[in-house]
Amino acid sequence: MGPIIIVLIILVVLVFIALIKTIQVIPQASAAIVERFGRYTRTLNAGLNIVVPFIDTIRNRIDLREQVVPFPPQPVITQDNLVVNIDTVIYYQVTDARAATYEVASYIQAIEQLTVTTLRNIIGGMDLERTLTSREEINAALRGVLDEATGKWGIRVNRVELKAIEPPTSIQDSMEKQMRADRDKRAAILQAEGVRQSEILRAEGEKQSQILRAEGEAKAAALRAEGEAQAIRTVFESIHAGDPDQKLLSYQYLQMLPKIAEGDANKLWIVPSEIGDALKGLSGAFGNLGPMGGAPTPAPGAGLPSQDRREKPSID
């Protein structure tokens, strides 16, 4: 009984192992390459798959999802003989598991080397300034070359990104100085533009202020002249209404003479010819006044009662 039990146990274990090798579960977005006696037989897709145990073997399991592979910095020489270090990132996806397994030994290493050689060819035809400002152009050129070369490997390159472009340290210092000079120049230009705008606005303000001040002074002068004309008109009408005589007019004229003589610029007087008549009338008026402005002095014998000089007849 003992040897029979041992044999049964061995048979059960062998059947269990055979069942395990017969049933193959492939995860979603994955594929498996099946070989029979070392020759490709079929590709197992996601789900439950049945294989012949101990005859069919799983050669490779491949992830069909999009993969991201960063590559280390690579020294590249530009057209103007400057060495720059460029980091690249490749986004790829396996579209044919059989080709990715049998067409290339290691598609990751093949993609890396192809990226380096293509990048050197592209950057070798550009100078440093164009290299720093043409990331999209370099990405598109890399993607085109890689996608065409990796198509027969069952690989599709979706995107290629330049993660960093590092020029030499001396070039970086020169670029920083140039950028600092450009910033200082722009700052000086903006400051000068601000000062110019400020001066223009200040000049416009002063111009408007002077215009408004001149308009105000003109209006004030017009109103003042209109008021003086109205005053002169009123005085003239009052004088004519009062019917003054020649003596009053002469006296008023003499009172205005000191006002006419006021000011340092009055070096020459123009005396009208009528002033002689006015002075005559005024002298006649003052001649009839007594001393200290009193009544006129009567002539000798004036105002006294007349004496009868006739002699009385004598009575003898």
Side-chain angles (χ1 to χ4, degrees), residues 16-78 84-126 131 134-166:
F16 183 75
I17 293 175
L19 289 175
I20 291 177
K21 287 185 174 295
T22 300
I23 300 173
Q24 295 290 333
V25 178
I26 306 301
Q28 182 67 32
S30 297
I33 302 299
V34 178
E35 291 181 349
R36 180 173 294 178
F37 301 112
R39 185 177 181 180
Y40 170 77
T41 302
R42 59 186 174 132
T43 301
L44 302 181
N45 296 320
L48 183 64
N49 296 274
I50 304 298
V51 297
V52 179
F54 305 108
I55 296 176
D56 294 340
T57 58
I58 304 298
R59 167 68 185 272
N60 192 14
R61 294 177 183 267
I62 298 176
D63 193 346
L64 300 180
R65 295 174 297 178
E66 186 175 7
Q67 304 293 321
V68 180
V69 179
F71 295 141
Q74 299 294 329
V76 181
I77 301 176
T78 62
V84 294
N85 294 321
I86 299 180
D87 296 349
T88 55
V89 179
I90 304 297
Y91 296 81
Y92 72 93
Q93 186 177 9
V94 177
T95 59
D96 188 352
R98 178 182 177 278
T101 303
Y102 296 106
E103 295 295 335
V104 62
S106 175
Y107 56 83
I108 296 296
Q109 185 178 2
I111 292 175
E112 180 180 1
Q113 296 302 319
L114 183 61
T115 301
V116 172
T117 55
T118 305
L119 190 62
R120 288 176 178 173
N121 292 333
I122 296 173
I123 300 300
M126 298 181 178
T131 302
S134 303
R135 288 175 177 257
E136 293 297 331
E137 182 181 353
I138 298 173
N139 293 340
L142 271 175
R143 182 182 179 278
V145 173
L146 291 176
D147 197 19
E148 182 181 358
T150 58
K152 63 180 180 179
W153 301 339
I155 307 294
R156 182 177 68 243
V157 177
N158 297 325
R159 295 178 61 188
V160 179
E161 296 292 339
L162 299 183
K163 192 166 61 174
I165 301 176
E166 298 180 358

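Counting from 1, the numbers follow the sequence of the chain as shown.
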Using a 3.5 Å distance criterion without hydrogens, assess whether the side chain of S30 forms a donor-acceptor pair with backbone atoms of I26. no

Would you find a donor on one side and an acceptor on the other, under 3.5 Å apart, between the side chain of R98 and the backbone of I33? no

Apply side-chain contact (heavy atoms from CB on, under 4.5 Å) to the pair R135 and I165, showing each step before the final yes or no. CA-CA 9 Å; R135 288 175 177 257; I165 301 176; 4.1 Å; yes

V34 and Q24, any side-chain heavy atoms less than 4.5 Å apart: no

Does K152 pair with E103 as a salt bridge, N-O distance under 4.0 Å? no

Can you tell me how far CD of E66 sits from OH of Y91, rounded to the nearest 0.5 angstrom? 8.0 Å

Taking all non-hydrogen atoms of both residues into account, name the closest pair between D87 and P72 and its distance. OD1-C, 4.1 Å

Rounded to the nearest 0.5 Å, what separates atom CG in D56 from atom CD1 in I50? 11.5 Å

E161 side chain to N139 main-chain N or O, any donor-acceptor pair under 3.5 Å? no

Applying the side chain to side chain contact (heavy atoms under 4.5 Å, CB included) test to T131, which of I122, L162, T78 qualifies? T78

Interatomic distance, OH@Y40 vs CZ@R42, rounded to 0.5 Å, equals 9.5 Å

For residues P73 and N85, report the shortest heavy-atom separation together with the two atoms involved. CB-CB, 4.3 Å

Identify the heavy atoms of A99 and G154 that sit nearest to each other, and give their distance. CB-N, 3.8 Å

side-chain contact (heavy atoms from CB on, under 4.5 Å), that's the test. Do R120 and V76 meet it? Break it down for me. CA-CA 6 Å; R120 288 176 178 173; V76 181; 4.1 Å; yes

Locate the shortest heavy-atom distance separating V25 from R61; write the atom from each residue and the value. O-NH1, 4.0 Å

Can you tell me how far CG of L142 sits from OG1 of T115, rounded to the nearest 0.5 angstrom? 6.5 Å

With a 3.5 Å distance limit and no angle check, can you tell me whether D147 reaches the backbone of R143 through a side-chain donor-acceptor pair? no

Less than 4.5 Å apart, any side-chain heavy atom of I138 and any of L119? yes

Considering non-hydrogen atoms only, spot the tightest contact between A46 and A29 and give its length. CB-N, 4.4 Å

As an exercise, state the distance from CG of L146 to CD1 of I90, rounded to the nearest 0.5 Å. 5.5 Å

Heavy-atom count around I77 CD1 within 6.0 Å, excluding the residue itself: above 12? no

As an exercise, state the distance from OG1 of T101 to CG of N60, rounded to the nearest 0.5 Å. 4.5 Å

Walk me through it: do D63 and V94 pass the test side-chain contact (heavy atoms from CB on, under 4.5 Å)? CA-CA 7 Å; D63 193 346; V94 177; over 6 Å; no

Under 3.5 Å, side chain of T88 to main-chain N/O of F71, donor-acceptor pair present? no

Which residue, T22, I58, L44, forms the side chain to side chain contact (heavy atoms under 4.5 Å, CB included) with N49? L44

Please report the C-alpha distance between V69 and Y92 in whole Å, then the side-chain angles of each, then the deciding distance to 0.1 Å, and finally whether the side-chain contact (heavy atoms from CB on, under 4.5 Å) criterion is met. CA-CA 8 Å; V69 179; Y92 72 93; 3.3 Å; yes

